[in-house]
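These notes are about the structure you will find just below.
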Amino acid sequence: MITAALQIGLGGSFIALLYSFLRTRWIYKQPVDVEDLKIISGYISDGAMAFLYREYRVLIPFVLFVALFLVAANRGTLRLQSMAFVLGAACSALAGFIGMRVATKSNARTANAAMESLNKALLISFSGGSVMGMSVVGLAIGGIVLVLFIGTYLFGKDASSLNTSVLPILSGFSLGASSIALFARVGGGIYTKAADVGADLVGKLEAGIPEDDPRNPATIADNVGDNVGDVAGMGADLFESYVGSIVGAMILGVSADASNVMRLKLASLPLIIASLGILSAIAGIFMVRTNHGKSPQYALNTGTFTAAIVAALISFVVIRLLLGKETFGAGTDSLRVFFSMMIGLAAGICIGFLTEYFTGIGTRPVKAIVRSCESGAATTLITGMGIGMLSSFPPILIIGAVLLSSSALAGLYGIAFAALGMLTTLGIQIAVDAYGPIADNAGGLAEMVGLPHETRAVTDQLDAVGNTTAAIGKGFAIGSAALTAIILFSAFRKAAGVEYIDLTEVNVLVGILIGAVIPYVFSSMAMTAIGSAAFAMIEEVRRQFKENPGILEDIEKPDYRKCIDISTTAALKKMLLPGIVAAATPVLVGFLGGMEMLTGLLTGVTVSGVVLAIFMANSGGAWDNAKKMIESGFGGGKGSEAHKAAVVGDTVGDPFKDTAGPSLNILIKLMAVVSLVIAPMLKYYWGG
């Protein structure tokens, strides 16, 4: 059975990577007729790739250190976790590299295509995002298949070998993906928000120049940051969730209360479903088309729903054929597993709609913020924070409902399949999300180059939809992170042999308290880093305006490279400490406090982290779109006092929604997977 799963996984990985290769070639063939588009796009591309190269050079020593630790701390066959860890880190980094490279080549081509038609511009920008999406799923599945192939070749393909040797090694692959994801998210978030805050506060409020004005020295760094944070960062985040959900589901499947044959089927099924989900995503991608007069949002929704329907049909057939009518556990059968998966798929859509409601342009919550802007920055901040707090309630109810219903249907394996259902069509979900920063960059390029009004109207339409897709993507990432963390937590309990948790035990309570405060400490580090980096950026922009007054008169060119260097240096310096805290805390708690305290830690960090992440992401998104509503004419329009208050709200919300909030997704998953990896060490250390 596992052989068939490996063959299907290899085929799915090959199809995804082949699609990425062919689509990349097509994008590179698209023309850029305006010379200034080539030049400015080149600045963005060079800045983004330079940051990525420097970030990866910084991370190489960390990866090697962890790999050596896994060799030294493990015994016997588990030392191969180090190999899987390095492979996971490499696959995640490569996916980020490919996505960033293609995204920065797609922006100028999108702006150029906007002079021709909306459909052509949408096709190029979405194609750039789809390369990122297919690279993520292709490299994730390919890496998992490679580790499983080596593991089963060395230790066998029976359920016992998978449970004791192969899958514990595979958890190292998930750890590698998580480690790179955290640094990519934190580093990318610090980079983009330092540039964004500096560009907005000095450019908009002090100098009174528009967003993406080429006279602003920070504008290139701001556009670079969109790719660094929202393409590479988001891709790494969801790469990690994807791998974690597959690995966690396989671990829970092979340890289920069932016959050896059924356990092999349950372990193979997640890999098969995820691999066939690639075909569903491609089917959805080819449905994304639009015509003049129709919103690009409609086209993106058509592709997403097509992929979901195809995935549901394929999954039903595969689950029924593979599991048949045989039952396992407490009477669980194939239909119960399928319905668990559909619950996860539906939950992902619902969380996306809820996110759109709380953050979308024209919705009641955002209109409330627009009204509050008219009375100043203080009420803007108060209203936005109140909406963000309220917005955390409905998604938590949905996640709770998913846990209850999927567990009632198929136990822990049902929860695992609910998470897998949410991520089955990840290829197109990332494509829709990565489309946003490409469209945003295209709009910025059109503004900087001074393309005709008709062209900028097209790029503005694409950008407006991109803001919505970005907000929905963040909501989806949080929901999938919550379920993935719970799966990994459950897999840790299985590996550690923890059957029950007594909440009245002092060790457990202390662990819960530490876990609950970690997201706040982590967020504080990220926000403080942005504050100090933004201060340096503001000072640099002010210096250039003061020393070179010809910049604002458009007779001198600003020094873009200096601002890019400020963001790059700050991101690389400040991303290390939060990452080390996230990775080291479970190790210290586990070895110093024991299994009970570590279990409490994971409970506290998951609950606290999910709620805080939703609050930050949604309040930031609502502030952002309130500002955009005012800029479009509501509440006094650009330059009004309400607009200035909205810019302040957006400036506070940016690090919420683009750095601290999204990074918490990875924090909770990383701490869970670190605990899973060290579980065998802890059992040996504590004499279990």
Side-chain angles (χ1 to χ4, degrees), residues 13 15-32 37-38 40-53 55-56 90-114 120-140 142 180 184 188 192 223-239 278 281-282 285-286 288 300 303 426-445 459 462-463 466 469-470 473:
S13 175
I15 290 171
L17 295 177
L18 178 63
Y19 171 90
S20 295
F21 174 74
L22 295 176
R23 186 53 57 174
T24 299
R25 288 188 62 188
W26 179 82
I27 291 170
Y28 274 56
K29 289 179 181 178
Q30 303 310 303
V32 182
L37 273 179
K38 293 181 182 178
I40 298 177
S41 175
Y43 290 151
I44 296 171
S45 179
D46 292 346
M49 300 314 298
F51 171 78
L52 211 59
Y53 284 128
E55 182 181 49
Y56 290 168
C91 286
S92 180
L94 181 58
F97 175 85
I98 294 171
M100 180 92 85
R101 187 76 177 175
V102 175
T104 56
K105 297 298 181 184
S106 302
N107 51 21
R109 290 165 172 80
T110 299
N112 194 85
K120 185 67 177 293
L122 171 67
L123 189 59
I124 294 175
S125 55
F126 180 72
S127 294
S130 71
V131 171
M132 180 72 198
M134 285 296 125
S135 297
V136 165
V137 296
L139 288 167
I180 295 299
T192 184
N223 280 276
V224 170
D226 290 336
N227 295 285
V228 168
D230 291 336
V231 177
M234 175 62 83
D237 182 352
L238 292 172
F239 183 102
I278 292 172
I282 291 175
I285 286 170
F286 282 115
V288 177
L300 296 174
L426 184 65
I428 191 170
Q429 288 158 345
I430 292 180
V432 170
D433 192 74
Y435 147 87
I438 295 172
D440 188 15
N441 271 199
L445 287 169
T459 59
L462 294 174
D463 187 20
T469 62

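Closest of all the heavy-atom pairs between A281 and G427 is CB-CA, 4.0 Å. Minimum heavy-atom separation, I285 to S130: CD1-CB, 3.9 Å. Nearest heavy-atom pair, T459 versus A114, reported as atom, atom and distance to 0.1 Å: CG2-CB, 3.7 Å. M132 approaches G96 most closely through the heavy-atom pair CE-CA, 4.2 Å. Here the closest heavy-atom approach between residue T104 and residue S41 is recorded as O-OG, 3.5 Å. What you find for V228 and G188 is that their closest heavy atoms are CG1-CA, 3.2 Å.
Note: S13 OG to L139 CG = 6.5 Å, rounded to the nearest 0.5 Å. Residue S127 holds its OG atom at 8.5 Å from CG of L122, rounded to the nearest 0.5 Å. Rounding to the nearest 0.5 angstrom, the gap separating the CG atom in N107 from the CG atom in L445 is 5.0 Å. To the nearest 0.5 Å, atoms CG (L94) and OH (Y56) are separated by 8.0 Å. Note: K38 NZ to R109 CZ = 9.0 Å, rounded to the nearest 0.5 Å. Here the CG-CG distance, from N223 to D440, works out to 6.5 Å after rounding to the nearest 0.5 Å.
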(message) Using side-chain contact (heavy atoms from CB on, under 4.5 Å), reason through I180 and F239 one step at a time and then give a plain yes or no.
(response) CA-CA 10 Å; I180 295 299; F239 183 102; over 6 Å; no

(request) Please test T24 against R101 for side-chain contact (heavy atoms from CB on, under 4.5 Å), starting from the C-alpha separation and ending with a verdict. (result) CA-CA 10 Å; T24 299; R101 187 76 177 175; over 6 Å; no

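Ring-plane geometry between F97 and Y53 is classed as tilted, the angle between the planes lying from 30 to 60 degrees on a 0 to 90 degree scale.
Residues N112 and Q30 form no side-chain contact, since every pair of their non-hydrogen atoms from C-beta on lies 4.5 Å or further apart. Side-chain contact check for I15 versus M134: every heavy-atom pair is 4.5 Å or farther apart.
Only one option out of L123, I438, N441 pairs with T110 in a side chain to side chain contact (heavy atoms under 4.5 Å, CB included); it is I438.
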